[in-house]
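What follows is a single structure, written as structure tokens, with notes after it.
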Number of protein chains: 2
Amino acid sequence: MSDRLDWNDLRERRMTEPGAAETYEATRIAFELGQEVRHLREGHGWSQSQLARAAGMTQSAVARFEAGGTVPTLPVLERLARALDRRLDVRFTPNADAA
Amino acid sequence: MSDRLDWNDLRERRMTEPGAAETYEATRIAFELGQEVRHLREGHGWSQSQLARAAGMTQSAVARFEAGGTVPTLPVLERLARALDRRLDVRFTPNADAA
DNA sequence: TACTGCCATAGCATCGATGCTATGCGGTCG
DNA sequence: CGACCGCATAGCATCGATGCTATGGCAGTA
């Protein structure tokens with residue numbers, strides 16, 4: 001677990017780098033999206049391979065994305081959303097710090 | 001307008017390529033986000049250079065993004081959102097096609 | 001007219017995401 | 001046990017976004 005340099009390591013490293021609050025956020029968002037997709041996929045009773053085919057990508061790409069291995073791009077998110085019968089929604093919401 | 005190969009041309013070309021519905025969508029989202037950022041920026045009374053500095057990028061990058069010249073990545077959107085005092089929100093919403 | 005600020009673009013280097021094939025590993029089933 | 005399925009990863013090629021500098025045009029304005 002410690003001499004291996006895998007996606008989890010990479011992600012953690014990215015999220016602990018100093019002064020990278022934005023990258024941290026993006027990485028966190030990517031991770032959460034990955035979890036959500038996994039959830040949706042399992043809800044459909046699909047395997048990674050099936051989702052991959054439906055989204056026009058390969059099983060490895062799906063696995064990488066679900067694991068939060070990379071910060072996905074909008075085109076990829078779009079394709080996944082379509083395959084999962086969802087709509088991709090990207091917006092700037094007012095920063096409700098007013099709490 | 002016709003012998004120049006600029007971002008508008010590129011974008012239009014991308015959006016009219018056959019069988020690229022997902023890329024079309026992503027490009028459209030990118031374009032709308034660009035417009036929204038421009039709107040927000042002007043609301044703050046900032047120039048592209050000022051926003052660029054606040055978001056840790058250059059004026060040219062801001063211009064390119066606002067013009068929809070490229071499909072932005074999540075880290076970039078995050079930084080812009082922060083600079084504009086907004087929260088970046090990415091989600092898969094239920095596709096209300098059920099009509 | 002000269003100067004200055006703002007925006008649009010070009011051109012290029014670099015970094016990182018994606019696409020791909022090939023494995024490895026743990027179950028399950030025959 | 002052997003075949004198969006599902007998931008995780010490695011390694012590599014390629015494409016595309018970003019970062020940068022340098023311009024050019026366009027309004028104001030002195």
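Per chain, numbering begins at 1; letters A, B, ... match sequence-line order.
Between the NE2 atom of His44(A) and the CG atom of Leu84(A) there is a distance of 5.5 Å, given to the nearest 0.5 Å.
Atom CD in Glu78(B) sits about 16 Å away from atom C1' in dT18(D), given to the nearest Å. Nucleotide dA22(C) holds its C1' atom 14 Å from the CZ atom of Arg64(A), rounded to whole Å. Phe65(B) places its CZ atom 8 Å from the P atom of dT18(D), with the value rounded to the nearest Å. Rounding to whole angstrom units, CG of residue Leu74(A) and P of dT18(C) are separated by 10 Å. Per the geometry, CZ belonging to Arg53(A) stands 13 Å off C1' belonging to dC5(D), to the nearest Å. Atom CG in Leu80(B) sits about 13 Å away from atom C1' in dA17(D), given to the nearest Å. For the pair Met57(B) CE and dG19(D) P, the computed distance is 5 Å after rounding to whole Å. Atom CZ of Arg41(B) is separated from atom C1' of dA8(C) by 12 Å (rounded to the nearest Å).
Listed for the Arg41(A) side chain is no donor-acceptor partner under 3.5 Å among the backbone atoms of His39(A).
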Could you give me the CA-CA distance, side-chain angles and deciding distance for Gln35(A) and Glu66(A), then say whether side-chain hydrogen bond (donor to acceptor under 3.5 Å, both in side chains) is met? CA-CA 6 Å; Gln35(A) 291 188 313; Glu66(A) 283 188 359; over 6 Å; no

Criterion side chain to side chain contact (heavy atoms under 4.5 Å, CB included) on Leu80(B) and Leu51(B), from CA distance to verdict: CA-CA 8 Å; Leu80(B) 286 171; Leu51(B) 173 58; 4.1 Å; yes

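Residue-level contact check: Glu66(B) touches neither bases nor backbone, having no heavy atom under 4.0 Å from any strand.
At dC7(D), none of the side-chain N or O atoms of Ser49(A) fall inside 4.0 Å of OP1 or OP2 (strictly under the cut-off). The side chain of Thr73(A) places no N or O atom within less than 4.0 Å of a non-bridging phosphate oxygen (OP1 or OP2) of dA17(D).
The listed nucleotides are dA8(D), dA22(C), dC7(C); the one nearest the side chain of Ala63(A) is dA8(D). Of all nucleotides listed (dG19(D), dC7(C), dC7(D)), dC7(C) comes nearest to the side chain of Gln59(B). Across dT18(D), dA17(D), dG19(C), the shortest atom-to-atom separation from the side chain of Arg79(A) is found for dG19(C). For Gln48(A), whose side chain is taken as the heavy atoms from C-beta onward, the closest listed nucleotide among dC7(D), dC7(C), dA17(C) is dC7(D). With dT9(C), dT18(C), dT18(D) as the candidates, the nucleotide lying closest to the side chain of Val76(B) is dT18(D). Picking from dG19(D), dG19(C), dA8(C) the nucleotide with the shortest atom distance to the side chain of Arg38(B) gives dA8(C). Taking only side-chain atoms of Ser60(A), from C-beta outward, the nucleotide of dA8(C), dT21(C), dG19(D) with the closest atom is dT21(C). Closest to the side chain of Thr70(A), from the set dC7(C), dC7(D), dT18(C), is dT18(C).
With hydrogens and angles left out, the side chain of Thr58(A) and the base of dT21(C) share no donor-acceptor pair within 3.5 Å.
Side-chain contact between Met57(A) and Val62(A): present, with at least one pair of heavy atoms (C-beta onward) separated by less than 4.5 Å.
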